[in-house]
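What follows is a short report on a single structure.
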Amino acid sequence: MDDGLIIDGVALHSRLFLGTAGYPSPQVLQDAILASGTSLLTVGLKRTLQSGDNGALAQALESARAQSVRLLPNTAGCRTAREAVQLAQMARELYGTHWIKLEVVGDELSLQPDPFELLAAANELVRAGFTVFPYCTEDLILGRRLLDVGCAVLMPWAAPIGSGQGLTNLQGLRTLRERLPEALLIIDAGLGAPSQAARALELGFDAVLLNSAVAQARDPVAMAKAFRDAVRAGRQARLAGLMAPQEFAVASTPVSGHAFLLS
(Lines give C-alpha, C1' and ligand atoms only; values in the text may rest on other atoms or scores of the structure.)
Protein backbone atom coordinates (compact mmCIF):
# COMPACT_ATOMS: atom_id res chain seq x y z
CA MET A 1 0.00 0.00 0.00
CA ASP A 2 3.00 2.34 0.31
CA ASP A 3 2.84 4.99 -2.41
CA GLY A 4 6.54 5.80 -2.43
CA LEU A 5 8.32 9.02 -1.54
CA ILE A 6 9.68 11.51 -4.08
CA ILE A 7 12.07 14.29 -3.06
CA ASP A 8 13.61 16.65 -5.61
CA GLY A 9 12.45 14.32 -8.38
CA VAL A 10 14.16 11.32 -6.78
CA ALA A 11 12.08 8.28 -5.80
CA LEU A 12 13.04 6.82 -2.43
CA HIS A 13 11.92 3.29 -1.65
CA SER A 14 11.99 3.66 2.14
CA ARG A 15 10.58 6.20 4.57
CA LEU A 16 13.15 5.32 7.22
CA PHE A 17 16.31 7.42 7.07
CA LEU A 18 19.36 6.64 9.21
CA GLY A 19 22.28 8.52 10.69
CA THR A 20 25.73 6.96 10.67
CA ALA A 21 27.26 8.03 14.00
CA GLY A 22 27.88 6.13 17.21
CA TYR A 23 27.75 2.52 16.00
CA PRO A 24 29.91 -0.07 17.78
CA SER A 25 31.83 -0.75 14.57
CA PRO A 26 31.69 -0.01 10.83
CA GLN A 27 30.58 -3.60 10.24
CA VAL A 28 27.61 -3.19 12.58
CA LEU A 29 26.76 0.03 10.74
CA GLN A 30 26.82 -1.78 7.40
CA ASP A 31 24.65 -4.60 8.74
CA ALA A 32 22.17 -2.14 10.26
CA ILE A 33 21.92 -0.20 7.00
CA LEU A 34 21.10 -3.40 5.15
CA ALA A 35 18.61 -4.56 7.79
CA SER A 36 16.80 -1.22 7.87
CA GLY A 37 16.11 -1.13 4.16
CA THR A 38 16.86 2.59 4.27
CA SER A 39 17.21 4.68 1.14
CA LEU A 40 18.93 7.69 2.74
CA LEU A 41 21.88 8.06 5.10
CA THR A 42 23.03 11.21 6.82
CA VAL A 43 26.71 11.82 7.44
CA GLY A 44 28.32 14.59 9.47
CA LEU A 45 31.04 16.35 7.53
CA LYS A 46 32.66 17.82 10.64
CA ARG A 47 32.83 14.37 12.22
CA THR A 48 34.27 12.92 9.03
CA LEU A 49 36.95 15.58 8.78
CA GLN A 50 37.89 15.36 12.47
CA SER A 51 37.97 11.55 12.67
CA GLY A 52 41.38 9.99 12.89
CA ASP A 53 40.41 7.03 10.66
CA ASN A 54 37.83 7.66 7.96
CA GLY A 55 38.62 4.59 5.88
CA ALA A 56 36.18 2.22 7.56
CA LEU A 57 33.33 4.74 7.51
CA ALA A 58 34.05 5.61 3.89
CA GLN A 59 33.89 1.92 2.99
CA ALA A 60 30.52 1.54 4.70
CA LEU A 61 29.16 4.60 2.89
CA GLU A 62 30.44 3.45 -0.48
CA SER A 63 28.88 0.04 0.10
CA ALA A 64 25.56 1.74 0.80
CA ARG A 65 25.82 3.94 -2.28
CA ALA A 66 26.43 0.84 -4.39
CA GLN A 67 23.01 -0.35 -3.20
CA SER A 68 21.40 2.92 -4.40
CA VAL A 69 21.29 4.45 -0.93
CA ARG A 70 21.68 8.23 -1.17
CA LEU A 71 23.91 10.26 1.13
CA LEU A 72 22.67 13.38 2.87
CA PRO A 73 25.62 15.28 4.38
CA ASN A 74 24.73 17.54 7.28
CA THR A 75 26.08 20.70 8.88
CA ALA A 76 25.94 19.36 12.45
CA GLY A 77 28.02 21.42 14.84
CA CYS A 78 27.47 24.75 13.11
CA ARG A 79 26.40 27.78 15.14
CA THR A 80 26.06 30.45 12.45
CA ALA A 81 24.60 30.70 8.97
CA ARG A 82 28.01 31.59 7.56
CA GLU A 83 29.62 28.48 9.04
CA ALA A 84 26.80 26.24 7.81
CA VAL A 85 26.96 27.62 4.27
CA GLN A 86 30.72 27.09 4.10
CA LEU A 87 30.39 23.52 5.38
CA ALA A 88 27.59 22.78 2.90
CA GLN A 89 29.77 23.94 0.04
CA MET A 90 32.55 21.64 1.21
CA ALA A 91 30.09 18.75 1.50
CA ARG A 92 28.89 19.27 -2.05
CA GLU A 93 32.46 18.95 -3.32
CA LEU A 94 33.35 15.99 -1.12
CA TYR A 95 30.22 13.88 -1.61
CA GLY A 96 29.14 15.04 -5.05
CA THR A 97 25.58 15.91 -4.01
CA HIS A 98 23.59 19.13 -3.82
CA TRP A 99 21.41 17.69 -1.05
CA ILE A 100 22.21 19.06 2.38
CA LYS A 101 20.70 18.59 5.80
CA LEU A 102 20.96 22.05 7.30
CA GLU A 103 21.62 22.27 11.02
CA VAL A 104 22.33 25.56 12.80
CA VAL A 105 22.11 25.05 16.55
CA GLY A 106 21.37 27.94 18.88
CA ASP A 107 21.34 26.34 22.33
CA GLU A 108 24.13 24.20 23.73
CA LEU A 109 21.96 22.24 26.17
CA SER A 110 18.90 21.35 24.10
CA LEU A 111 20.65 21.62 20.72
CA GLN A 112 17.57 23.50 19.55
CA PRO A 113 17.92 25.11 16.11
CA ASP A 114 18.52 28.86 15.84
CA PRO A 115 15.54 29.97 13.70
CA PHE A 116 17.15 33.22 12.50
CA GLU A 117 20.48 31.73 11.44
CA LEU A 118 18.71 28.68 10.02
CA LEU A 119 16.47 30.78 7.77
CA ALA A 120 19.37 32.94 6.61
CA ALA A 121 21.47 29.90 5.74
CA ALA A 122 18.56 28.15 3.99
CA ASN A 123 17.90 31.20 1.82
CA GLU A 124 21.54 31.43 0.74
CA LEU A 125 21.91 27.72 0.07
CA VAL A 126 18.73 27.49 -2.02
CA ARG A 127 20.00 30.39 -4.12
CA ALA A 128 23.27 28.50 -4.55
CA GLY A 129 21.48 25.48 -6.01
CA PHE A 130 21.22 23.23 -2.96
CA THR A 131 18.26 21.05 -2.09
CA VAL A 132 17.89 21.99 1.56
CA PHE A 133 16.58 19.72 4.32
CA PRO A 134 16.37 22.07 7.34
CA TYR A 135 16.38 20.67 10.86
CA CYS A 136 13.84 22.79 12.73
CA THR A 137 11.30 22.74 15.54
CA GLU A 138 7.55 22.31 15.10
CA ASP A 139 7.13 26.11 14.83
CA LEU A 140 4.55 26.70 12.08
CA ILE A 141 5.67 30.20 11.16
CA LEU A 142 9.31 29.19 10.81
CA GLY A 143 8.21 26.21 8.73
CA ARG A 144 6.32 28.48 6.35
CA ARG A 145 9.27 30.83 6.01
CA LEU A 146 11.62 27.94 5.24
CA LEU A 147 9.26 26.66 2.56
CA ASP A 148 8.86 30.17 1.16
CA VAL A 149 12.60 30.48 0.53
CA GLY A 150 12.55 27.16 -1.33
CA CYS A 151 13.40 24.35 1.09
CA ALA A 152 12.42 20.97 -0.35
CA VAL A 153 11.23 19.53 2.96
CA LEU A 154 10.96 20.39 6.64
CA MET A 155 12.59 18.26 9.32
CA PRO A 156 10.94 19.12 12.65
CA TRP A 157 12.25 17.49 15.80
CA ALA A 158 10.16 15.12 17.88
CA ALA A 159 12.30 15.89 20.93
CA PRO A 160 15.89 17.03 21.56
CA ILE A 161 18.55 15.17 19.60
CA GLY A 162 19.53 11.84 21.12
CA SER A 163 17.00 12.07 23.96
CA GLY A 164 14.77 9.16 22.90
CA GLN A 165 11.76 10.97 24.39
CA GLY A 166 9.54 10.48 21.35
CA LEU A 167 6.79 12.82 20.13
CA THR A 168 6.79 15.30 23.00
CA ASN A 169 4.60 17.97 21.37
CA LEU A 170 1.87 16.09 19.60
CA GLN A 171 -0.37 19.12 19.25
CA GLY A 172 2.36 21.19 17.64
CA LEU A 173 3.26 18.40 15.23
CA ARG A 174 -0.40 17.80 14.36
CA THR A 175 -0.84 21.50 13.66
CA LEU A 176 2.23 21.55 11.42
CA ARG A 177 0.91 18.59 9.44
CA GLU A 178 -2.62 20.01 9.16
CA ARG A 179 -1.59 23.53 8.19
CA LEU A 180 1.06 22.44 5.68
CA PRO A 181 -0.80 19.64 3.90
CA GLU A 182 1.29 19.73 0.73
CA ALA A 183 4.72 19.97 2.38
CA LEU A 184 7.06 17.02 2.83
CA LEU A 185 7.58 16.66 6.59
CA ILE A 186 10.21 14.35 8.05
CA ILE A 187 10.44 13.79 11.80
CA ASP A 188 14.07 14.29 12.80
CA ALA A 189 15.60 13.72 16.23
CA GLY A 190 14.32 12.47 19.56
CA LEU A 191 12.75 9.15 18.60
CA GLY A 192 13.66 6.25 20.85
CA ALA A 193 11.30 3.38 20.02
CA PRO A 194 9.80 1.85 16.87
CA SER A 195 6.29 2.55 18.20
CA GLN A 196 7.11 6.28 18.15
CA ALA A 197 8.18 6.06 14.52
CA ALA A 198 4.96 4.25 13.63
CA ARG A 199 2.99 6.98 15.40
CA ALA A 200 4.75 9.66 13.38
CA LEU A 201 3.77 7.97 10.12
CA GLU A 202 0.21 7.46 11.37
CA LEU A 203 0.01 11.22 12.00
CA GLY A 204 0.81 11.82 8.35
CA PHE A 205 4.51 12.60 8.46
CA ASP A 206 6.26 11.45 5.33
CA ALA A 207 9.34 9.82 6.86
CA VAL A 208 11.49 9.66 9.97
CA LEU A 209 15.20 10.15 10.49
CA LEU A 210 16.90 8.60 13.49
CA ASN A 211 20.35 7.63 14.66
CA SER A 212 20.85 6.99 18.38
CA ALA A 213 17.78 4.76 18.72
CA VAL A 214 19.46 2.22 16.45
CA ALA A 215 23.16 2.90 17.05
CA GLN A 216 22.84 2.73 20.85
CA ALA A 217 20.52 -0.27 20.98
CA ARG A 218 21.82 -3.48 22.54
CA ASP A 219 21.43 -5.07 19.11
CA PRO A 220 21.54 -2.31 16.46
CA VAL A 221 20.83 -4.68 13.57
CA ALA A 222 17.70 -6.12 15.18
CA MET A 223 16.56 -2.62 16.14
CA ALA A 224 17.04 -1.43 12.57
CA LYS A 225 14.70 -4.20 11.42
CA ALA A 226 12.17 -3.23 14.10
CA PHE A 227 12.14 0.38 12.94
CA ARG A 228 11.86 -0.74 9.32
CA ASP A 229 8.72 -2.71 10.10
CA ALA A 230 7.26 0.01 12.32
CA VAL A 231 7.65 2.68 9.65
CA ARG A 232 6.00 0.46 7.07
CA ALA A 233 3.13 -0.33 9.44
CA GLY A 234 2.62 3.32 10.32
CA ARG A 235 2.48 4.37 6.69
CA GLN A 236 0.10 1.57 5.76
CA ALA A 237 -2.17 2.53 8.66
CA ARG A 238 -2.22 6.13 7.46
CA LEU A 239 -3.13 5.05 3.94
CA ALA A 240 -5.76 2.61 5.19
CA GLY A 241 -7.48 5.33 7.22
CA LEU A 242 -7.50 5.25 11.01
CA MET A 243 -10.89 5.15 12.70
CA ALA A 244 -11.97 8.36 14.41
CA PRO A 245 -11.64 8.28 18.22
CA GLN A 246 -14.94 8.25 20.14
CA GLU A 247 -15.66 9.79 23.52
CA PHE A 248 -17.95 6.93 24.52
CA ALA A 249 -18.12 3.20 23.99
CA VAL A 250 -19.53 2.14 20.63
CA ALA A 251 -20.53 -1.53 20.37
CA SER A 252 -18.72 -3.25 17.53
CA THR A 253 -21.41 -5.95 17.43
CA PRO A 254 -25.07 -4.82 17.10
CA VAL A 255 -27.12 -5.76 20.17
CA SER A 256 -30.56 -4.46 19.13
CA GLY A 257 -33.22 -6.46 17.29
CA HIS A 258 -34.18 -10.09 17.65
CA ALA A 259 -32.06 -12.64 19.43
CA PHE A 260 -30.84 -15.62 17.48
CA LEU A 261 -28.95 -18.82 18.15
CA LEU A 262 -26.07 -20.34 16.26
CA SER A 263 -26.45 -24.06 15.68
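- Both Val126 and Leu119 belong to a single network of hydrophobic side chains, linked directly or stepwise wherever heavy atoms of I, L, V, M, F, W or Y lie under 4.5 Å apart.
- Using the six-membered ring where Trp is involved, Phe133 and Trp99 have ring planes that are tilted, between 30° and 60° apart.
- Atoms CD and OG1, on Gln89 and Thr75 in that order, are 12.0 Å from each other to the nearest 0.5 Å.
- Closest approach of Leu125 to Ala88, counting heavy atoms only: CD2-CB, 3.7 Å.
- Within the structure, salt bridge (charged side-chain N to carboxylate O under 4.0 Å, His left out) pairs that include any residue of residues 158-176 do not occur (at least two apart or interchain).
- The shortest distance between side-chain heavy atoms of Gln86 and Met90 does not fall below 4.5 Å.
- Note on residues 78-101: pairs passing salt bridge (charged side-chain N to carboxylate O under 4.0 Å, His left out), not counting sequence neighbours, are Lys46-Glu83, Arg79-Glu108, Lys101-Glu103, Lys101-Asp188.
- Using a 4.5 Å heavy-atom threshold, the side chains of His98 and Asp8 count as touching.
- Looking at Val43 and Leu72, their side chains never come closer than 4.5 Å, going by heavy atoms from C-beta outward.
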With a 3.5 Å cut-off and sequence neighbours excluded, list the donor-acceptor pairs that the side chains of residues 215-224 form with protein atoms.
from   : atom 1 : to     : atom 2 : distance (Å)
Asp219 : OD1    : Val221 : N      : 3.3
Asp219 : OD1    : Ala222 : N      : 3.1

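- Closest approach of Ala11 and Ile6 over heavy atoms only: CA-CG1, 4.2 Å.
- Between the side chains of Asn169 and Glu138, at least one donor N or O lies within less than 3.5 Å of an accepting N or O.
- Contact check for Ile100 versus Pro73: side-chain heavy atoms found under the 4.5 Å cut-off.
- Checked against side chain to side chain donor-acceptor pair (under 3.5 Å), Thr20 has the following partners two or more places apart in sequence or in another chain: Arg47.
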### Task
Let me see the working for Tyr23 and Val214 under side-chain contact (heavy atoms from CB on, under 4.5 Å), right down to the final yes or no.
CA-CA 8 Å; Tyr23 284 83; Val214 172; 3.5 Å; yes
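- Residues that satisfy the side chain to side chain donor-acceptor pair (under 3.5 Å) test with Asp31, not counting sequence neighbours, are Gln27.
- The shortest non-hydrogen separation linking Pro156 to Leu176 is CG-CD2, 3.7 Å.
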#### Entry: Stepwise side-chain contact (heavy atoms from CB on, under 4.5 Å) test for Arg15 and Arg232
CA-CA 8 Å; Arg15 294 174 182 269; Arg232 290 175 178 173; over 6 Å; no
For a quick test of your reading: what N or O donor-acceptor pairs under 3.5 Å do the side chains of residues 197-210 make, sequence neighbours left out?
from   : atom 1 : to     : atom 2 : distance (Å)
Asp206 : OD2    : Arg177 : NH1    : 3.0
Asp206 : OD2    : Leu185 : N      : 2.8

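- Residues Pro160 and Gln112 fail the side-chain proximity criterion, which asks for heavy atoms closer than 4.5 Å.
- Side-chain contact between Leu180 and Leu140 is present, with heavy atoms from C-beta onward closer than 4.5 Å.
- Nearest heavy atoms, Ala122 versus Cys151: CB-SG, 3.8 Å.
- Residues Ile7 and Leu5 are in side-chain contact: their nearest non-hydrogen atoms beyond the backbone lie under 4.5 Å apart.
- Contact detail for Thr168 and Ala158: the closest heavy-atom pair is OG1-O, 2.9 Å.
- No donor-acceptor pair under 3.5 Å is formed between the side chain of Gln165 and the backbone N or O of Gly190.
- Side-chain contact between Pro113 and Val105 is absent, with no heavy-atom pair separated by less than 4.5 Å.
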### Message
Run the side-chain contact (heavy atoms from CB on, under 4.5 Å) test on Ile187 and Leu173 for me, step by step, so that the C-alpha distance in whole Å, both residues' side-chain angles and the decisive distance to 0.1 Å come before the verdict.
### Response
CA-CA 9 Å; Ile187 290 291; Leu173 292 172; 3.9 Å; yes
